[in-house]
Amino acid sequence: MREIILKNDPELKDLLDELKNYCRKDDLIMARLVYDFADKAHEGQMRKSGVPYIKHCLATAYILAKMKIDIGIIIAALLHDVPEDTHVTLEEVEKNFGHDVASLVKGVTKLGKLKYRGVERYIENLRKMFVAMAEDIRVMIIKFADRINNLATLDALPPKKRHRIALESLEIYAPIANRLGMGEFKSLLEDLSFPHIYPKEYEKVFQVRQDYLAGQQAYLDRVMQIAREEMTAAGINWSDVHGREKTLYSLYKKILSKGWDNVDKVYDIVAIRIIVGDVGDCYAALGIIHKLWRPLKGRIKDYISQPKPNGYKSLHTTVFCAEGRIVEFQIRDAEMHGEAEHGIAAHWHYDEQGAKIPARDINWAVELASIQKNILEKISDLNELKVDFFRNRIFVFTPQGDVMDLPEDATPIDFAYNIHTDVGNHCNGAKVNDQMVSLDAPLKSGDVVEIIMDKNRKGPSPDWLKTVKTHSAKSRIKSNLKHSRSSLWLQMILPKPKKK
Ligand code: MN
């Protein structure tokens with residue numbers, strides 16, 4: 001096998017060094033060839049910042065290589081701007097690197113083309129993202145990396161364009177990354193956009209976190225040491241205990257929800273994260289923490305037995321810690337940790353030894369994207385648009401134990417329509433955790449919901465429209481009401497047709 005000849009490009013060397021950690025040698029040779037091809041295509045092109053265009057392609061690929069992602073995606077990342085910005089066509093990409101790579105590049109190129117302005121642009125953008133997601137989630141993964149590098153080099157752009165790109169990242173890209181469980185990308189997209197949109201608030205939040213760290217670092221080091229010693233003494237298989245600083249934009253949102261006067265009530269500016277061997281060790285470690293320090297009421301969250309809708313798993317607890325200070329702990333095993341950082345992208349991941357991580361089910365994301373795509377086709381009001389996808393989600397259960405993923409504050413009627421239109425239309429009552437509740441009572445995560453149906457019920461009540469939270473329930477109620485009104489009208493009209 002021939003040696004890889006390096007051009008004098010430090011970013012290329014960085015990329016290949018990263019790929020060496022998990023790729024085979026012929027993959028590296030391939031990446032090198034693709035670089036030559038892309039470099040030649042972009043020859044003479046400069047970024048607004050004045051650096052050669054190829055640096056952006058290398059940076060995009062590098063972000064993905066850091067995540068140890070499949071070489072096919074890396075290759076497409078290197079080529080992602082070739083058909084859009086150079087004389088080299090998609091056909092030439094396909095001829096050289098095959099159909100799969102070309103189809104990824106095509107997907108990214110399609111995402112880049114936006115025609116409209118204002119609200120229309122927002123909707124068009126969202127729709128394109130969901131189309132791409134439904135067709136091939138890998139396209140989104142490349143697009144996120146592309147956007148992260150664009151955000152990192154935003155200063156070179158004029159203020160108006162800078163603002164638009166940052167806002168789009170904050171309102172569209174980051175929530176979608178979050179929904180796909182890609183925690184690391186979500187945080188990067190948010191924290192790189194944040195200072196461009198809310199510069200003053202960014203400064204303020206940054207200062208809050210700095211002050212907290214200055215005051216607590218030594219204390220947290222002591223607490224972490226106690227946790228390590230106690231877990232070792234108890235024979236728990238732990239691998240790492242570290243402080244996790246809250247990212248700035250999520251800290252900002254937390255402060256907004258509590259009010260600036262209550263910054264001292266934000267207990268997870270730095271949380272202590274414990275990584276252990278397996279699920280059993282997670283609960284054992286939680287036991288140790290609770291034996292050492294008393295937990296705050298209502299602050300123990302078991303996302304292992306009830307993961308968040310995006311797949312996030314961990315145990316969280318907030319305790320009255322040493323010297324009476326309040327500290328949050330997050331406990332998870334290495335697999336959960338990887339999933340929390342990479343989410344759906346874990347599907348295309350390699351581990352440290354270069355072995356493929358077992359494939360995970362990604363159908364849910366494809367399904368989610370098609371649902372969202374359909375919803376988007378029917379609405380034009382921005383507020384309605386944000387209802388489903390960007391809301392916080394809750395988990396509720398059928399009496400048979402099936403999980404249902406609904407937006408926060410969804411009602412039993414949303415639940416009923418989620419099962420089936422007929423169940424919704426004939427819904428006459430609901431039991432939550434074996435108690436009768438009213439049909440507009442907001443559901444909470446973990447609730448077991450049983451719908452009581454009445455076969456003779458004529459259909460939904462118009463009042464339900466005021467309380468349902470999902471778009472799908474709303475549109476089904478509306479279409480049923482329209483239908484029953486028109487059939488009622490027909491019944492009145494048909495026997496004795498009258499002129500209006
Ligand atoms: Mn690009």
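Order of listing sets the numbers, starting from 1, for every ligand and every atom in it. These numbers come from a predicted model, not from an experiment.
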All N/O donor-acceptor pairs, side-chain side in residues 71-86, below 3.5 Å, sequence neighbours left out:
| residue | atom | partner | partner atom | Å |
| --- | --- | --- | --- | --- |
| His80 | ND1 | Ala77 | O | 2.7 |
| His80 | NE2 | His56 | NE2 | 3.2 |
| His80 | NE2 | Asp146 | OD1 | 3.0 |
| Asp81 | OD2 | Tyr53 | OH | 2.8 |
| Asp81 | OD2 | His56 | NE2 | 3.3 |
| Asp85 | OD2 | Tyr53 | OH | 3.0 |
| Thr86 | OG1 | Val82 | O | 2.7 |
| Thr86 | OG1 | Val88 | N | 3.1 |

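- Sorted by first and then second residue, the ring-ring contact (aromatic ring centres under 6.0 Å, His included) pairs involving residues 138-175 (not counting sequence neighbours) form an empty list.
- Looking only at distances, a side-chain donor or acceptor of Asp191 sits under 3.5 Å from a matching main-chain atom of Leu248.
- Under 2.8 Å from the Mn ion (ligand 1), one finds the following protein N/O/S atoms: His56 NE2, His80 NE2, Asp81 OD2, Asp146 OD1.
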Would you give me the side-chain donor-acceptor pairs under 3.5 Å for residues 203-217, sequence neighbours excluded?
| residue | atom | partner | partner atom | Å |
| --- | --- | --- | --- | --- |
| Gln207 | NE2 | Asp211 | OD1 | 3.1 |
| Arg209 | NH1 | Lys246 | O | 2.8 |
| Tyr212 | OH | Gln216 | NE2 | 3.4 |
| Gln216 | OE1 | Arg325 | NH1 | 2.4 |
| Gln217 | NE2 | Asp221 | OD1 | 3.4 |

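- A distance-only check finds no donor-acceptor pair linking the side chain of Asn178 to the backbone of Ala174 [under 3.5 Å].
- Aromatic ring pairs are classed by plane angle as parallel below 30°, tilted from 30° to 60° and perpendicular above 60°; the pair Tyr249 and Tyr252 is tilted.
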